[in-house]
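Note that the structure is predicted; figures quoted are calculated from it, not measured.
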Amino acid sequence: MASNVNPTVRRRRLGQELRRLRELKGMTAEEVADRLLVSQSKISRLENGRRSISQRDVRDLCGVYEVEDHRVVDSLMQMAKDSRQQGWWHAFGDIPYSVYIGLETDAASLRVYESLIVPGLLQTHDYAHAVIEGMWPEATQSEIDKRIQIRLKRQDRLKDPDNPLRFWAVIDEALLRRVVGNDRIMADQLKHLAELSLQPHVTLQVLPYAVGAHPGMYGKFAILEFQDAMDASVVYLEGVTSDLYLEKPNDVQSYTVMYEHLRAKALSAEQSMEFIHQVSESYGG
């Protein structure tokens, strides 16, 4: 796969363009599905980038939308071809959150709120092992090892010297207090957080117990933004058996406002580092 081709992002862009063509034609997804003798859910999945799309699908849809410009058709066909390429994460086999990894890999900035565990991009190897082992007690050692490898590989975005991910995390005090693994693992993890926060593209804020009730009590979430204006921002909500991706402007705006409230309630970056150091001392760090 060419290094500048992200199949997940290609699917999103292609889906957005196909939706635009459908809307220009004044057709509903149901009408298109009837014309092509497929399910409406297939059309919806193609448009939201959650399903791989073939060049034949593109050709059929362009026919329904009466796209006569061959340059447009050729461009869409090439995007379909690119979208079927393999991202780095495919080398690890079937990954339940591969769509998210594809988005994260191409994101320009990522804002997360976490209440129970250290964000994956900030985890040490030992902490990641303890978390994965605890959250998936039936996982085999090979499955645990694979998840750790993927998690550590994702962290390359924070280390990219040319295009590092702009990362902002608001974390609840609870995840600093919960002993994952043992005291040594926690001391090393908190030291790692402090070191990462010194990077100019990483901002970390702690939301202490003292703030009481706050908007983040609904649960953890992430907001991904992209460099290309064609790529709409995405809110990611992780589930046990399935994940949710919100792309409607009103939904993204609601979570953006919620995040601003969390940032305002949290300790400043400087105060957060002092707080983390204090908690770290309780683990012998």
Side-chain angles (χ1 to χ4, degrees), residues 97 100 104 107 109-124 126-136 147 151 154-155 158 165-199 201-225 234-240 243-244 246 251-252 254-285:
Y97 53 100
Y100 173 78
E104 182 184 81
S109 71
L110 175 61
R111 288 172 288 170
V112 304
Y113 167 69
E114 280 280 4
S115 59
L116 297 176
I117 61 175
V118 171
L121 293 183
L122 307 181
Q123 292 178 10
T124 64
D126 289 348
Y127 183 94
H129 187 284
V131 163
I132 293 169
E133 192 173 49
M135 293 182 68
W136 290 278
R147 284 180 176 267
R151 192 157 302 181
R154 287 169 50 205
Q155 295 176 5
L158 293 181
L165 177 68
R166 178 70 182 92
F167 186 77
W168 197 307
V170 176
I171 60 175
D172 196 279
E173 178 180 347
L175 68 83
L176 301 176
R177 303 289 186 184
R178 180 178 297 278
V179 180
V180 173
N182 54 47
D183 285 2
R184 179 192 60 79
I185 290 176
M186 289 303 299
D188 290 344
Q189 177 62 73
L190 268 56
K191 178 183 178 182
H192 187 60
L193 290 180
E195 292 173 347
L196 286 175
S197 69
L198 298 177
Q199 301 296 317
H201 55 281
V202 176
T203 302
L204 187 61
Q205 289 184 263
V206 174
L207 196 64
Y209 291 146
V211 303
H214 58 80
M217 295 175 75
Y218 282 107
K220 66 178 183 178
F221 62 93
I223 305 173
L224 301 101
E225 296 178 309
V234 180
V235 173
Y236 171 67
L237 305 174
E238 183 179 356
V240 176
D243 301 328
L244 186 61
L246 306 178
D251 292 334
V252 174
S254 294
Y255 276 89
T256 298
V257 171
M258 184 187 302
Y259 201 78
E260 291 305 309
H261 282 296
L262 290 172
R263 286 174 53 184
K265 283 182 171 289
L267 300 175
S268 69
E270 294 76 14
Q271 293 171 328
S272 295
M273 286 307 96
E274 293 178 5
F275 192 92
I276 289 174
H277 282 304
Q278 291 173 9
V279 178
S280 179
E281 290 177 356
S282 68
Y283 297 121

Flag side-chain contact, heavy atom, 4.5 Å: [X] against [Y]:
X: Ile117; Y: Met135; result: yes
X: Asp172; Y: Tyr113; result: yes
X: Tyr100; Y: Arg154; result: yes
X: Leu193; Y: Tyr127; result: no
X: His214; Y: Leu207; result: yes

Exercise. Apply side chain to side chain contact (heavy atoms under 4.5 Å, CB included) to Leu196 and list each qualifying residue two or more places apart in sequence or on a separate chain.
Key: Leu122, His192
Closest approach of [X] and [Y], non-hydrogen atoms and distance?
X: Gln189; Y: Thr124; result: OE1-N, 2.9 Å
X: Arg151; Y: Ala128; result: CD-CB, 4.2 Å
X: Gly216; Y: Leu262; result: N-CD2, 3.4 Å
X: Gly120; Y: Gln155; result: O-NE2, 3.0 Å
X: Gln205; Y: Leu267; result: NE2-O, 2.9 Å
X: Ser115; Y: Ala174; result: O-CB, 3.6 Å

Quiz item: In chain order, what residues pass the salt bridge (charged side-chain N to carboxylate O under 4.0 Å, His left out) check against Arg147, with sequence neighbours excluded?
Solution: none
Quiz item: Who are the salt bridge (charged side-chain N to carboxylate O under 4.0 Å, His left out) partners of Arg178, not counting sequence neighbours?
Solution: none
Exercise. Check side-chain hydrogen bond (donor to acceptor under 3.5 Å, both in side chains) between Tyr236 and all other residues, then give those that pass, not counting sequence neighbours.
Key: Asp243
Side-chain donor/acceptor pairs under 3.5 Å, residues 273-285, sequence neighbours excluded:
unit_1	atom_1	unit_2	atom_2	d
Ser282	OG	Val279	O	2.4
Tyr283	OH	Leu176	O	2.7
Tyr283	OH	Arg177	O	3.0

Quiz item: Quick one: does Gln123's side chain have a donor or acceptor within less than 3.5 Å of a partner on Val118's backbone?
Solution: yes
Practice problem: Start with the C-alpha gap between Leu165 and His201, add the side-chain angles, then the distance that decides, and say whether side chain to side chain contact (heavy atoms under 4.5 Å, CB included) holds. | Solution: CA-CA 7 Å; Leu165 177 68; His201 55 281; 5.8 Å; no
Self-check item: Spatial distance of atom NZ (Lys191) from atom CG (Asp188) [nearest 0.5 Å]
Solution: 7.0 Å
Practice problem: Look up atom CD in Glu195 and atom CG in Leu190, then write down how far apart they are to the nearest 0.5 Å. | Solution: 11.0 Å
Quiz item: For Met258 and Val235, what are the C-alpha separation, side-chain angles and deciding distance, and is it a side chain to side chain contact (heavy atoms under 4.5 Å, CB included)?
Solution: CA-CA 12 Å; Met258 184 187 302; Val235 173; over 6 Å; no
Exercise. Please step through side chain to side chain contact (heavy atoms under 4.5 Å, CB included) for the pair Leu110 and Leu121, ending with a clear verdict.
Key: CA-CA 10 Å; Leu110 175 61; Leu121 293 183; 3.8 Å; yes
Listed pairs under 3.5 Å, donor-acceptor, residues 218-225 side chains, sequence neighbours left out:
unit_1	atom_1	unit_2	atom_2	d
Lys220	NZ	Glu238	OE1	3.1
Glu225	OE1	Ser109	OG	2.9
Glu225	OE2	Arg111	NH2	3.3

